Visitor: 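Got a structure for you, questions after.
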Amino acid sequence: MSTSYDQKALEKKWQKKWQEMKIHHFDFNSDKKPYSIDVPPRYASGPLHAGHAVHYTHIDFAARYKRMKGYNVFFPLCFDVNGIPIEERVERQLNITRKDIDRHKFTKLCSEFAEENIKTMTEQFTMLGESMDPTIYYQTNAEYYRRITQISFIELYNKGYIYKGKFPVNWCPRCMTAMADAEVTYTDRTTKLNTIKFYFKDEQPEQLLKYHSIGKDNKGTYVEIATTRPEMLPSCQIVAVHPSDERAPWLADQTLIVPLFKKEVKIVEDDAVDPDFGSGVVMICTIGDKEDLNWVFKYKLPLDMSIDEEGRMTEICGKYQGMKIKDARSSVIEDLQKKDILIKQDALEQNIGVCWRCKTPVEYINTEQWFLKTIPFKKMVQNASDSMSWYPKFMKIRLEEWVNSLQWDWVISRQRYFATPIPLWECEKCQHVVLAREEDCYVDPTVDNPPVEKCPKCGGKLIGCKDVFDTWMDSSISPLYNTFWHRDDEKFKKLYPMSLRPQAHDIIRTWAFYTILRCNLLTDEKPFENIMMGGFILSEDGTPMHASLGNVIDPLKIINEYGADAFRCYAASCALGVDNAFRKKDVIRGNRLLRKIWNVEKFISNIIKSDSKPEKTELIDIDKWILTKYSKLVKKCTEQMDVFDYSQAMKEVEYFLWHKLADHYIEMAKSSIYNNENVESINYTLYTLGLGILKLFAPFFPHITEELYQEHFKQFEKDKSIHIAAWPREILVDEEAENAGEITKNYIAQVRSIKSEHGMALNAPLKSYATYSTLDKISKMKGSSSIIKSTLNLPKNHKFVEGKPEIQEKITGIAPVYSKIGPLFKNESKKINQWIKEHQNELIKKIEDNGDIKWSDISPANSEKPEEMLVENGFIQIKKETKVKGKKDRSILKFDDFYLEISGDVIK
RNA sequence: GGGCUUAUGGUCUAGCUGGUUAUGACGUCGCCUUCACAUGGCGGAGGUCGCCGGUUCAAAUCCGGCUAAGCCCA
């Protein structure tokens with residue numbers, strides 16, 4: 001082994017070797033218990049950023065840990081390749097729209113674009129040391145995957161859960177296409193805010209006129225309403241006013257007449273109204289903007305549309321029917337003016353949604369869409385979610401809130417190209433639906449023939465469905481695809497439900513919800529047992545990473561500078577479920593930790609100069625101590641790994657390695673070894689700890705742990721890789737030895753820091769004579785006395801004496817112990833504590849005279865409390881000051897309960 | 001507007017089934033080349049635990065309200 005730690009070279013080496021060794025492959029023939037991970041298929045629209053890298057690294061921790069726990073881990077490499085973002089990237093890259101070229105040419109371009117990204121990301125996963133299994137690879141746009149999407153749709157259709165209905169969507173009247181929210185961009189423009197008169201249907205009392213924006217003319221009493229879209233008057237459905245508005249009690253439930261169209265609309269009270277906008281009274285139309293869509297859901301308004309697909313006024317618009325939006329608006333305004341209904345026009349700055357391509361303002365129009373029933377299955381989803389374990393727990397509430405607030409079934413169709421085709425044909429004449437046969441899937445109805453030639457109902461021509469699925473239709477069956485649903489019943493039985501769904505919390509309402517919904521509908525069972533929610537990774541200043549902000553962190557840059565294992569240290573430091581800013585210093589911390597691991601392991605292997613595996617033997621006290629500490633570490637770390645608490649688990653191991661093993665145990669052990677004492681016990685202990693620590697670190701730092709394992713331990717161990725070696729177990733819990741070791745460790749640490757304070761090396765000789773302490777401490781240290789002497793380089797004849805040296809001790813103060821006195825005296829405690837403080841001197845004297853005090857010495861506590869020794873039983877704490885009555889040329893140092901007698905010229 | 005989360009020294013973080021002296025790391029300051037590691041060791045300074053109120057003998061911890069930030073939704 002090279003003595004220096006060449007991180008880059010060894011990471012590359014092991015990434016290559018692991019692929020050859022195939023240690024990450026799922027074994028279909030194994031009888032080990034499977035642990036299956038429903039990996040989020042990475043979306044193929046671009047390379048990984050640091051946030052993705054952290055998420056997948058977390059999942060890799062779980063996979064590697066479970067492998068070491070003896071599971072047959074199912075951890076597929078997979079990518080999500082359908083949908084709008086990829087279409088958009090391609091359109092922007094080539095500066096075309098998908099309608100400019102042939103549909104199938106376009107999807108081919110999308111595929112090619114995605115394949116490039118998949119190549120890059122696969123490379124990135126490897127460089128991060130992720131142990132995904134390429135033998136169970138999938139991507140969601142492949143025919144083998146889309147086939148399962150289509151079959152699942154057909155089954156849902158046959159169960160009666162699919163129907164066709166109307167739904168308003170973003171629409172560009174110029175491009176004549178539906179648009180995803182992501183395709184809508186926003187722009188500022190100046191428009192006119194028109195204030196117009198809405199007359200009351202019923203006669204109104206005169207008092208009403210005292211309020212603002214309410215008037216009366218020869219046609220009656222009216223309310224002023226401001227709108228930027230007067231052409232939408234025909235689809236006005238309600239009028240709203242804020243409940244705290246002084247006019248609200250008068251206006252609520254009144255009926256108004258929509259000007260020009262004579263339509264009657266009710267006035268409602270609603271908090272969402274901005275009382276300062278316009279006249280404080282607003283009209284709600286179907287559908288002017290996204291805000292109106294909320295009103296539609298809330299008040300279940302009819303979806304009467306005043307604008308059609310071409311941006312022309314519809315049949316409900318009377319004489320304006322057929323006009324373009326702009327013309328209709330000026331025409332309506334003109335008519336309003338003529339009839340003296342328009343009061344004023346004000347300029348208004350507004351921010352409107354426009355088509356990203358042609359900048360035409362986006363409209364909402366009604367479209368025919370396919371729906372999957374979701375509202376009837378709320379309870380089913382809740383029950384399934386209740387039966388799963390959520391990490392962190394509170395994330396479940398988010399799903400519950402979402403499910404409870406659902407008002408609408410799921411719109412599963414999209415007017416898009418690059419996605420799974422909806423496998424059905426419709427009769428031109430009677431709209432009868434002909435589904436694809438399951439055995440024919442995958443099908444593309446835009447090119448493939450239907451299973452029957454003509455409509456079986458009326459003999460009409462069958463037209464292939466041009467719509468495709470929402471991409472969540474693909475990704476929400478990942479547990480079904482992974483477990484071979486409808487591909488291999490035996491495997492399905494073995495693997496379903498999956499063990500773990502890892503994902504980010506922003507897609508609870510989509511990926512998690514749709515998966516639970518759909519898998520339950522198809523299998524009557526939950527899709528996974530556990531669900532783990534990663535947090536968000538923010539850029540270093542705490543803002544979210546966005547390409548547009550230019551603050552995206554490239555994980556490869558970090559890896560090139562510090563190495564993958566160091567990056568993984570940062571990943572491990574991110575707590576589950578909460579947002580974490582990227583912290584370079586945690587990468588640097590990782591770098592230092594790795595070097596420490598390297599040095600410790602190298603040192604251990606140098607000490608154990610043995611040709612055979614050190615066997616268990618009679619153990620000395622400090623070995624029992626460190627092995628007990630280690631066993632407790634294993635227990636705690638295992639518990640934390642089991643609940644995916646990686647940041648804590650790594651911290652525990654790190655602390656043990658650095659501040660127990662390296663700082664204390666090794667310091668003790670090496671002096672003993674140099675003196676050729678206790679060699680067998682220490683060798684065994686060092687071997688056990690060296691290997692154990694490597695294993696505990698292995699899920700986090702796969703490369704360095706593998707290298708060190710191969711170099712130092714492989715020759716004595718049977719496993720060909722540390723990553724398939726068994727996770728460590730507790731080996732020894734000896735509370736007494738632990739306690740004794742702790743005393744020894746603290747004693748050494750204290751003397752060591754005294755040496756350091758006086759500029760002495762730890763192993764510099766100290767001219768000392770004896771250590772004094774209580775019987776308890778001295779007896780516990782005796783077993784380690786030779787270790788202590790060799791570690792601190794004390795003279796051979798240094799004594800450990802029970803008792804005190806010749807010194808004077810003076811009690812300088814006493815203090816009540818609140819946690820003891822509080823529960824005993826409750827309300828009285830304050831008085832007692834106060835009294836004790838005020839009568840310190842008196843009490844100190846009593847303690848000095850009698851050795852202790854009793855409750856009867858404390859006058860407010862005169863009650864019937866049992867007579868007990870207060871100092872001895874911990875009710876009172878005493879502070880002492882030591883005055884050294886030194887022997888000639890000797891001084892006494894005091895720390896904790898120890899007195900160290902040393903030569904006077906050692907420390908001045 | 002709703003739901004969830006978070007708020008602890010300059011920065012990050014532990015503690016949060018209540019116990020009075022709040023953990024660790026980074027940074028900072030001082031000391032030490034010490035034979036695995038100066039990418040190390042020892043020590044110091046630095047916090048009224050977001051704000052207000054309540055429960056309690058006792059609150060970083062429990063309860064209520066507020067403020068700010070993040071995510072999701074409307």
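In this text, all values refer to a predicted model and were calculated from it rather than measured experimentally.
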Visitor: K602(A) NZ to rU39(B) P: how many Å, rounded?
Guide: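 So the two atoms are 14 Å apart, to the nearest Å.
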Visitor: Would you mind reading off the distance between W402(A) atom CH2 and rC72(B) atom C1', rounded to a whole angstrom?
Guide: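 Nearest whole value for this atom pair: 9 Å.
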Visitor: Under the side-chain hydrogen bond (donor to acceptor under 3.5 Å, both in side chains) test, which residues partner Y665(A), sequence neighbours left out?
Guide: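 Y665(A) satisfies side-chain hydrogen bond (donor to acceptor under 3.5 Å, both in side chains) with D623(A) once adjacent residues are dropped.
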Visitor: Would you mind checking if E828(A) and K831(A) are paired as a salt bridge, meaning a charged N to carboxylate O distance below 4.0 Å?
Guide: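 The answer is yes: the pair qualifies as a salt bridge.
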Visitor: Starting at the 5' end of RNA chain B and moving along, which residue's nearest nucleotide shows up first, A764(A) or F394(A)?
Guide: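 So the residue in question is F394(A).
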Visitor: Would you kindly check if the NZ (Lys) or CZ (Arg) of R501(A) is within the cone defined by 45 degrees around the ring axis of W390(A) and under 6.0 Å from the six-membered ring centre?
Guide: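 Output no; distance or angle outside limits.
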Visitor: Heavy-atom nearest nucleotide on RNA chain B for S647(A) versus D506(A): which residue maps closer to 5'?
Guide: S647(A)
Visitor: Please give the distance between the P atoms of rU55(B) and rG15(B) as a whole number of Å.
Guide: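 Approximately 29 Å lies between the P atom of rU55(B) and that of rG15(B).
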Visitor: Does N746(A) have any side-chain contact (heavy atoms from CB on, under 4.5 Å) partners at least two apart in sequence or in another chain, and if so, which?
Guide: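 Checked N746(A) against side-chain contact (heavy atoms from CB on, under 4.5 Å); matches are E742(A).
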Visitor: Could you tell me how far apart L594(A) (CG) and rC37(B) (C1') are, to the nearest whole angstrom?
Guide: 14 Å
Visitor: Which one, rU39(B), rA36(B), rG41(B), comes nearest to the side chain of R752(A)?
Guide: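 Selected nucleotide: rG41(B).
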Visitor: Rounded to whole Å, how long is the line connecting atom CE of M533(A) with atom P of rC4(B)?
Guide: 16 Å
Visitor: Answer yes or no: side-chain N or O of K830(A) and base N or O of rC57(B) forming a donor-acceptor pair under 3.5 Å.
Guide: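 Between rC57(B) and K830(A), which were checked side chain against base, a qualifying N/O pair under 3.5 Å is absent.
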Visitor: Using the C1' atom on both, measure rC42(B) against rA59(B) and round to a whole Å.
Guide: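 Roughly 36 Å separates the two C1' atoms.
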Visitor: Can you check the I704(A) CD1 to rU39(B) P distance for me, whole Å?
Guide: 17 Å
Visitor: I'd like to compare against my own output: the B/S/- annotation of nucleotides 18-33 of chain B with a strict under-4.0 Å heavy-atom distance to protein.
Guide: -BB----SS-------
Visitor: Give the rounded distance in Å between these two atoms: CD1 of I748(A) and C1' of rG41(B).
Guide: 16 Å
Visitor: Is the distance from OP1 or OP2 of rG40(B) to the nearest side-chain N or O of W658(A) less than 4.0 Å?
Guide: no
Visitor: Return the value, rounded to whole Å, for the distance between atom CD of E401(A) and atom P of rG1(B).
Guide: 18 Å
Visitor: Check this for me, if you would: do R589(A) and E654(A) make a salt bridge, where the nitrogen-to-carboxylate-oxygen distance has to be below 4.0 angstrom?
Guide: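 Yes, R589(A) and E654(A) are salt-bridged.
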Visitor: Is the phosphate of rC57(B), meaning OP1 or OP2, less than 4.0 Å from a side-chain N or O of N827(A)?
Guide: yes
Visitor: Between S671(A) and T791(A), is there a side-chain donor-acceptor contact under 3.5 Å, judged purely by atom types and distance?
Guide: yes
